[in-house]
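Report on the following structure.
Keep in mind the model is a prediction, meaning the values are calculated, not measured. A, B, ... follow the sequence lines: proteins, then strands. Residue 1 opens every chain.
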Amino acid sequence: MTFERLRGFRDLYPEDAEPKSWAFSIAQEIARSFGFRMIDIPSLESLDLYRLKSGDELVGQTFSFTDKGGREVTMVPEATPSVVRMLTSRKDIPRPVRWFSIPKIWRYEEPQSGRLREHMQFNADIFGVDTPEADAELIGLAATILDGLNLQGNYDIRINDRKLMENLLHKMNINNISEIFSIIDRFRKTSHEDFSSMLKQSGVPDKTVSDIVSILEHQINRGDLKNYLSSYIDIDQNLGQTIDRMETTLSIISQYTNSRIYVDFSTVRGLSYYTGIVFEVFDSKGELRSILGGGRYDNLAKLISGQDIPAVGFGMGDVVLELLLKRAGLWKSSSDKPRYYVCTASDDLRKEALEIVIELRKNGFIATMDVAQRNLSAQLKSATINSSDYAIIVGKKELETDQVTIRNMSDGTQQQINKMKIVNEIKKMKRHAD
RNA sequence: GCCGGGGUGGGGUAGUGGGUAUCCUUGGGGACUGUGGAUCCCCGGACCCGGGUUCAAUUCCCGGUCCCGGCCCCA
């Protein structure tokens, strides 16, 4: 009998688990440098928490079941409701709140490129303020993380604003906003012909349809927004304010990163709870699904708890990120520490060898020795296979004068060093190498 | 849930209606009881499952299953 991995789940071997761990540790480090605090959410929640937000439709795409107490529960399909639940059940947390988490999340759907049934997600939110500064800080965090992963130039940030879009559509005499949003959400995946006919079917007049297509297909750079839109519609005071706020946000974000950032009116995001700015990051070549996405959701806390708490957040999954990092040649664990393999020339010297291994480990070095009772030749072979940088050979002859041999595994050069000062000697060698 | 394309050792592959299923790689061991990656030798390991056609199926047909990709949906 053999057991296979479940559909949509992954086994991560060292060559994948280590780079993934590296990527998330960078994200975590950068979030902390922004003053974000780490939280952790449960893996299982009441199914009602998601019904509340998006109705029964989402429920069919969750890993959910009835527990032994008869409760309907689900493996969490996203982090945000749990985070909001945690925030609103504590009243003593000073605002603004900056929180991040790295949960695993689950969704029951057909796996495809960039989408699996289980994945890990980096999630960050700012609660308690509704300002362009907060929006920019959060998007700035996302960009700084990607830059920290050395992805500069490999991604674009697309920004839009739900309020602006609603305003725009109203001005075009469109009132079935959410229906139109879900069509707009598919703009980049459908042909213009199909897209236009979908809009027409939803009651949008022909002339307006062509305007919408034209507006959606352009990328608008910072500073051009008002000018661009004025050729399609009148800009009243209300719309003007929304545009000004967006320009402010864009301007602040440009302080965080040199990455390409533009307004893209086709980015509306499917989730119904967004109330203001929305954004998505894509690979520049446009080959992959979105790397991360998020936006402002000022009404969710009220829905969950009755408390009025503005919020902006984003989530970044590890699946697309992995594809992108692999394409950029950055999928490796960044441990640049040299690895030492301590060998014994004869089996009765294991005690001395282990002393050296322990001493090296205490001083922060990566040190290994044979545990298979193998001879020197086999130990060196093993050191090679484990990509050790140095082998330290403990032998009787050298020990008579308290020396051990250190062998550089890349060029084969050897030298004798004093066993008692081994840590200092190694540090000295390292400095020379640098 | 729906649609398309695929399943030959751990990974990558060749091939065939009939004999011990090819090659590379990986793994284990040895030549080598104080010096590794080379070389040589040995060993382990596969035709997804079920049914049908046939004297005979890994090969052809059907169904299932799994993988990959896409749709739906998007957190």
Side-chain angles (χ1 to χ4, degrees), chain A residues 1-11 13 15 41 45 49-50 53-63 74-84 103-121 123 181-182 185-186 189-190 194 267-274 278 280 289-290 292-295 297 300 313-317 319-320 341 343-349 353 370 372-399 404-414:
Chain A
M1 177 133 191
T2 60
F3 292 101
E4 287 183 345
R5 200 172 62 233
L6 251 32
R7 183 168 178 71
F9 288 75
R10 288 171 291 178
D11 295 330
Y13 292 91
E15 58 270 29
I41 63 168
E45 290 274 10
L49 185 59
Y50 307 94
K53 197 195 78 191
S54 23
D56 279 332
E57 191 180 289
L58 177 143
V59 169
Q61 294 167 51
T62 56
F63 268 95
T74 185
M75 305 298 289
V76 295
E78 59 166 324
T80 305
S82 301
V83 176
V84 172
K104 271 192 175 181
I105 67 176
W106 296 267
R107 46 180 75 162
Y108 196 91
E109 62 178 356
E110 291 311 307
Q112 47 195 296
S113 180
R115 308 201 75 178
L116 297 169
R117 289 183 171 180
E118 175 183 69
H119 75 274
M120 197 171 264
Q121 191 176 78
N123 196 269
F181 270 6
S182 80
D185 199 32
R186 273 172 279 174
K189 294 168 96 179
T190 41
D194 291 351
T267 299
V268 292
R269 295 185 57 76
L271 255 182
S272 54
Y273 60 61
Y274 289 114
V278 287
E280 282 182 286
R289 290 166 194 280
S290 71
L292 62 88
Y297 53 100
L300 190 62
F314 78 91
M316 174 174 72
V319 183
V320 177
Y341 195 105
C343 305
T344 51
S346 57
D347 210 46
D348 57 336
L349 298 171
D370 173 67
Q373 305 184 344
R374 289 179 291 196
N375 64 29
L376 179 59
S377 171
Q379 290 177 46
L380 285 166
K381 197 171 180 180
S382 178
T384 301
I385 290 166
N386 294 309
S387 60
S388 301
D389 300 284
Y390 294 96
I392 293 168
I393 300 162
V394 182
K396 268 208 184 76
K397 280 182 295 197
E398 299 93 316
L399 273 185
V404 294
T405 300
I406 180 159
R407 178 180 179 85
N408 182 324
M409 295 300 277
S410 54
D411 61 20
T413 58
Q414 297 192 168

Nearest-Å distance, [atom1] ([X]) to [atom2] ([N])?
X: A:Asp185; N: B:C73; atom1: CG; atom2: C1'; result: 10 Å
X: A:Met409; N: B:A38; atom1: CE; atom2: P; result: 13 Å
X: A:Tyr273; N: B:C74; atom1: OH; atom2: C1'; result: 11 Å
X: A:Met316; N: B:A75; atom1: CE; atom2: C1'; result: 15 Å
X: A:Glu15; N: B:G11; atom1: CD; atom2: P; result: 13 Å
X: A:Leu6; N: B:U65; atom1: CG; atom2: P; result: 15 Å
X: A:Glu109; N: B:C71; atom1: CD; atom2: P; result: 11 Å
X: A:Asn408; N: B:G36; atom1: CG; atom2: P; result: 15 Å

Taking the [atom1] atom in each of [N] and [M], what is the distance between them to the nearest angstrom?
N: B:C47; M: B:C23; atom1: C1'; value: 16 Å
N: B:G64; M: B:G19; atom1: C1'; value: 32 Å
N: B:G34; M: B:C43; atom1: C1'; value: 28 Å

- [ ] Return the minimal non-hydrogen interatomic distance between A:Asn408 and A:Tyr390, and the atom names on each side.
- [x] CA-CD2, 3.8 Å
Task: Closest non-hydrogen atom pair between A:Ile105 and A:Pro77, with its separation - done: CD1-O, 3.6 Å
Task: Nucleotide opposite B:C32 in a Watson-Crick or G-U pair, distances under 3.5 Å - done: none
TODO: Counting Watson-Crick and G-U wobble pairs only, both distances under 3.5 Å, name the nucleotide matched with B:C2, or none.
DONE: B:G70
Tell me, please, which residues at least two apart from [X] pass side chain to side chain contact (heavy atoms under 4.5 Å, CB included).
X: A:Asp370; value: A:Tyr341, A:Arg350, A:Ala372, A:Arg374, A:Gln379
X: A:Ser290; value: A:Glu280, A:Phe282
X: A:Ser377; value: A:Asn375

Has the side chain of [X] got a donor or acceptor atom sitting under 3.5 Å from an opposite partner on the base of [N]?
X: A:Thr384; N: B:G36; result: yes
X: A:Gln61; N: B:A75; result: yes
X: A:Arg115; N: B:C74; result: yes

Task: Test: A:Asp348 and A:Lys396 ion pair at under 4.0 Å - done: yes
Task: Basic-acidic side-chain contact under 4.0 Å: A:Arg7, A:Glu110 - done: yes
TODO: Choose from B:G70, B:C73, B:A75 the nucleotide whose nearest atom is closest to any side-chain atom of A:Pro77.
DONE: B:A75
- [ ] Choose from B:C72, B:G69, B:A75 the nucleotide whose nearest atom is closest to any side-chain atom of A:Arg107.
- [x] B:A75
Open item on the list: Looking at A:Thr74 and A:Phe63, would you say the former's side chain and the latter's main chain have a donor-acceptor pair under 3.5 Å?
Closed with: yes
Open item on the list: Closest-nucleotide mapping onto RNA chain B: is A:Ser388 or A:Pro111 further toward the 5' terminus? I mean the 5' end.
Closed with: A:Ser388
Open item on the list: Assuming nearest nucleotide by heavy-atom distance, tell me which of A:Arg289 and A:Leu116 is located more 5' along RNA chain B.
Closed with: A:Leu116
Task: Geometric cation-pi criterion, A:Arg117 with A:Tyr108: 6.0 Å, 45° - done: yes
TODO: Apply side chain to side chain donor-acceptor pair (under 3.5 Å) to the pair A:Thr405 and A:Gln414, showing each step before the final yes or no.
DONE: CA-CA 7 Å; A:Thr405 300; A:Gln414 297 192 168; 5.0 Å; no
Task: Phosphate contact (B:C74 OP1 or OP2) by A:Arg269 side-chain N/O below 4.0 Å - done: no
Open item on the list: With a 4.0 Å cutoff (strictly under), does any side-chain N or O of A:Arg186 reach OP1 or OP2 of B:C73?
Closed with: yes
- [ ] Assign a letter to each nucleotide of nucleotides 2-10 of chain B from its 5' end: B, base within under 4.0 Å of a protein heavy atom; S, sugar-phosphate only; -, no contact.
- [x] B--------
TODO: Quick one, give me the B/S/- string for nucleotides 26-35 of chain B, reading 5' to 3', where B means a protein heavy atom under 4.0 Å from the base and S means that only happens at the primed atoms, P, OP1 or OP2.
DONE: ------B-BB
Open item on the list: Tell me every residue that passes side chain to side chain donor-acceptor pair (under 3.5 Å) with A:Ser82, counting only those two or more places apart in sequence or in another chain.
Closed with: A:Glu45
